[in-house]
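Written below as structure tokens is the structure these notes are about.
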Amino acid sequence: MKLEEFEAKKILESFQIPIPPYGGVVTGANEVSSALKRCGPAPWILKAQVQTGGRGKAGGIKKAKTLSEAKEIVSNLLGKKLITAQTGTDGILVKKVLIEKGVAIQKELYLSLTLDRKQGKMILIASSCGGMEIEEIAQTSPGKIEKMEVSVPSGIETYQARELLLKLGLYDSNSKLVQERIKFIKKCVKTALSIDASLLEINPLALTENHQLIALDAKIVIDDNALFRHPEFKTMESSLGQSSAERQAKKAGISYISLKGNIGCMVNGAGLAMATMDIIKQHGGEPANFLDVGGGASVQQVTTAFKIILSDKNVKAILVNIFGGIMKCDVIAQGIVTAVEEIKLTIPIVVRLEGTRAEEGRKILAQSGLNITSTRSFKESAEKVVELATGTIAVTPSPSLV
């Protein structure tokens, strides 16, 4: 669950982590005046609320000194597609703008907590170089990246926070400032652990002219598998940047990610789904989605999966690739037939069934009289669906790839 910046900052604030004075999120120029009043005197910072890095370089972050200037910036940002290095040429449409008070700073730093999946541990990453992508820092100043293992659930000890301050050049002769900065770091760690975050990133982390640490920007990703523990985040789900199809899939218990191709994929098992997408590409096709119905899909889930795939108007053919284990192939075949009849599907479908009761499943498909092509091998399935989607003979890769 990826949060937008203003949502992430609200969470930081709830854990008493300093953020810039908050004016609000606006969706129209008529809301700007009230937001500026809540911020206090100029200057104000106006930030497009889109989930991508590099907003500043792309013109998504602006400073305003007058009401008319702020209104003009908001009018120009809203409805604009912000194109960054991460979004590609498609960009992301700006629907909301965050307004907050400008902060006088003397130094920008970087701080994040993230899950190291290889080690199965939380890692704190910090750098005295802030305001840049962490990948850029790693390339240009690798010696300025500090890493620290975080104990779950206790967090980090005071001596570890003090050691980090020393490495970042934040250790001060003023003991009161040192204690405040230690508390800041420990609060960030506590926040990430308390909300089950797989990522909490503050970039830039600013040292103000008043010698205080403040989160100028914030990015938070919460582990979807832990959301049942956090009903307080339920209201944030409408602003996740997900498409309606992705939201429908989540509600139905289906894993779905939209892609750019024209071949819809319905598979059971994430590994099989990835392999299916790979072999489609190896034969010259382009998958339109990743869709995993799971190990025990019902007829209703299969029907929903087809509807989700078909919500993408670019889809010209569908490949259903099922390996029956707990899920029986005859059950899935009946689900496919029922779904196709209910939806009145007109585009071609290629179905590969293997595993438990696969032969019975193939018989159900053959007797349905529907526009369904049944295949046996991975290679044959990919060749056929690419041919149906593109109207051309599929490219045959080298034997080592199939």
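Both backbone and side-chain heavy atoms feed into the values below; hydrogens, waters and symmetry mates do not.
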Between [X] and [Y], does any side-chain donor sit less than 3.5 Å from a side-chain acceptor?
X    : Y    : value
S198 : D223 : no
T191 : S194 : no
D196 : H230 : yes
T52  : T84  : yes
Y22  : E13  : no
Q106 : H211 : yes
T27  : E31  : yes

Distance from [X] atom [atom1] to [Y] atom [atom2], nearest 0.5 Å?
X    : Y    : atom1 : atom2 : result
F15  : L200 : CZ    : CG    : 9.5 Å
T303 : L345 : OG1   : CG    : 11.0 Å
T356 : I322 : OG1   : CD1   : 12.0 Å
L12  : F184 : CG    : CZ    : 7.5 Å
R55  : K57  : CZ    : NZ    : 13.5 Å
L67  : S33  : CG    : OG    : 5.0 Å

Would you mind reporting whether [Y] and [X] have side-chain heavy atoms less than 4.5 Å apart?
X    : Y    : answer
N371 : I349 : no
L46  : L98  : no
L291 : V267 : no
V351 : T373 : no
V320 : V350 : no

Problem - Stacked cation flag R352 on F378, 6.0 angstrom / 45 deg - result: yes
Under the 3.5 angstrom rule, does the side chain of [X] hit a backbone N or O of [Y] as a donor-acceptor pair?
X    : Y    : answer
Q49  : K47  : yes
T338 : G335 : no
Q160 : I156 : no
D116 : K121 : no

Exercise for the section: List in chain and number order the residues that pass side chain to side chain contact (heavy atoms under 4.5 Å, CB included) with L93, two or more places apart in sequence or in another chain; answer none if no residue qualifies. Expected result: K81, K95
Practice task
For the pair K9 and E100, find out whether any cationic side-chain nitrogen is under 4.0 Å from an anionic carboxylate oxygen.
Solution key: yes
Exercise for the section: Salt-bridge test for E354 and R376: reply yes if a basic N is under 4.0 Å from a carboxylate O, no otherwise. Expected result: yes
Handout entry: Residue that, paired with E359, satisfies salt bridge (Lys or Arg N to Asp or Glu O under 4.0 Å) out of R362, R357, K363
Key = R362
Practice task
Walk me through it: do L259 and M277 pass the test side-chain contact (heavy atoms from CB on, under 4.5 Å)?
Solution key: CA-CA 11 Å; L259 301 172; M277 293 162 60; 3.3 Å; yes
Practice task
Would you sort out whether K167 and E163 count as a salt bridge (Lys or Arg N to Asp or Glu O under 4.0 Å), showing the intermediate values?
Solution key: CA-CA 6 Å; K167 291 179 177 178; E163 181 181 322; 3.2 Å; yes
Would you find more than 12 non-hydrogen atoms of other residues, nucleotides or ligands less than 6.0 Å from [X] atom [atom1]?
X    : atom1 : value
K187 : NZ    : yes
Q86  : CD    : yes
Q16  : CD    : no

Handout entry: Listed partners of T375 passing side chain to side chain donor-acceptor pair (under 3.5 Å), at least two apart
Key = S381
